[in-house]
2 protein chains.
Amino acid sequence: MLRISKLADYSTVVMSYLAREPDKMHNARDIMEHTHIALPTISKILKILAKSGLLRSHRGINGGYTLVIPPDQISVAQILAAMEGNVALTECSGQHSHCSIEPICHIRSNWRSISHVVQESLKKITLADMLRS
Amino acid sequence: MLRISKLADYSTVVMSYLAREPDKMHNARDIMEHTHIALPTISKILKILAKSGLLRSHRGINGGYTLVIPPDQISVAQILAAMEGNVALTECSGQHSHCSIEPICHIRSNWRSISHVVQESLKKITLADMLRS
DNA sequence: TAAATCAGGACCGCTATAGTACTAATTATA
DNA sequence: TATAATTAGTACTATAGCGGTCCTGATTTA
């Protein structure tokens with residue numbers, strides 16, 4: 001259905017919550033209470049986002065996560081890329097393509113450019129935009 | 001990864017092939033020889049597309065499928081919709097949403113409009129466009 | 001030193017998807 | 001009218017991906 005994964009979906013919810021107080025540190029439990037996403041799921045998302053560089057983590061008592069970049073400079077495309085790689089609507093638009101009909105496929109380049117168009121529109125939407133409903 | 005399904009992907013390949021000779025009838029075997037997609041898969045795709053009204057079928061000897069609408073009036077969005085329903089990037093953007101955090105989710109309307117943007121750009125691309133590489 | 005918190009995996013069960021197969025219905029043609 | 005070609009419809013299976021959980025170890029603060 002041209003869906004993003006649930007984990008990626010939740011990650012935008014988490015990032016939006018963090019973006020409301022960009023400088024404050026939030027731990028997983030705090031995020032759970034405000035988003036109602038299950039704790040292990042949140043924890044998993046936070047780790048991925050931290051690893052990709054969108055969040056900075058702090059261990060220990062009073063630890064948690066903060067945004068590394070201001071909300072108006074983080075795009076939805078960046079968040080999706082962190083969670084599930086670059087936008088590629090078809091197999092052949094991605095990095096390591098293994099489509100068997102690729103050698104004789106006439107519309108491959110078209111799908112590449114369609115993916116590009118979609119990606120560009122997702123780049124234009126920032127976390128700051130997501131705060132405005 | 002924001003992927004369309006393989007079946008949907010293949011369906012655009014099949015439709016593109018048919019669009020090259022919009023008035024001619026093609027059977028499944030013929031399409032297989034020109035696209036190298038497995039025959040049962042092609043057959044499955046053709047049935048779905050016919051049921052959705054994009055193709056007209058003809059049984060019996062010399063039977064096959066033809067396009068119902070001229071290629072410049074069929075959009076990629078239409079083909080995707082036929083194969084897997086309307087574009088809805090998130091659960092909550094679709095028809096029958098069951099997301100548990102929906103009641104308190106602050107970014108739902110944003111995702112709806114993002115889905116809308118993507119859908120609009122897919123509507124603008126026609127089968128005729130896909131023939132031009 | 002103890003408690004809180006993140007890091008990094010391993011793991012499981014469900015669901016969706018891709019792909020296959022079989023039988024019935026329909027049609028053209030010899 | 002018989003036969004062969006073709007689609008219609010449905011059922012089935014196997015696989016992979018995904019969501020979600022849990023455990024152990026490392027780090028930090030009080």
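Order of the sequence lines sets the chain letters (A, B, ...), proteins ahead of strands, with each chain counted from 1.
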Which whole-number value in Å describes the distance from A:Met32 CE to C:dC6 C1'?
-> 16 Å
Within a strict 4.5 Å, meaning less than it, do heavy atoms of the A:Tyr65 and A:Leu49 side chains meet?
-> no
Could you state the CZ-C1' distance from B:Arg3 to C:dA18, rounded to the nearest angstrom?
-> 15 Å
Gap between atom CG of B:Asp9 and atom CD1 of B:Ile79 - 0.5 Å precision | 11.0 Å
Measure from CD on A:Glu91 to P on C:dG19 and round the result to the nearest Å.
-> 11 Å
Whole-Å distance between D:dT7 C1' and B:Ile48 CD1?
-> 14 Å
Got a sec: does the NE2 of A:His36 have more than 12 other heavy atoms crowding it under 6.0 Å?
-> yes
Taking atom CE of A:Met15 and atom CD of A:Gln78, what is their separation to the nearest 0.5 Å?
-> 8.0 Å
Got a sec, which residues hit side-chain hydrogen bond (donor to acceptor under 3.5 Å, both in side chains) with A:His26, two or more places apart in sequence or on another chain?
-> A:Glu21, A:Asp30
Side-chain N or O of A:Ser57 closer than 4.0 Å to phosphate OP1/OP2 of C:dT5 = no
note: A:Asn27, atom CG; C:dA4, atom C1'; distance rounded to Å ~ 9 Å
Interatomic distance, B:Asp9 CG vs C:dT17 P [rounded to whole Å] | 14 Å
With the sugar-phosphate defined as primed atoms, P, OP1 and OP2, and the base as all remaining atoms, what B/S/- string results for nucleotides 20-30 of chain D, 5' to 3', for protein heavy atoms under 4.0 Å?
-> BB----BBBBS
B:Arg29 CZ to D:dA4 C1', in whole Å, measures 13 Å
Please give, in whole Å, the distance from C:dC6 C1' to A:His26 NE2?
-> 16 Å
Does any donor atom in the side chain of B:Thr126 or B:Asp129 lie under 3.5 Å from an acceptor atom in the other side chain?
-> yes
Describe the nucleic acid contact of A:Ala50 in one word from base, sugar-phosphate, nothing, applying a heavy-atom distance below 4.0 Å.
-> nothing
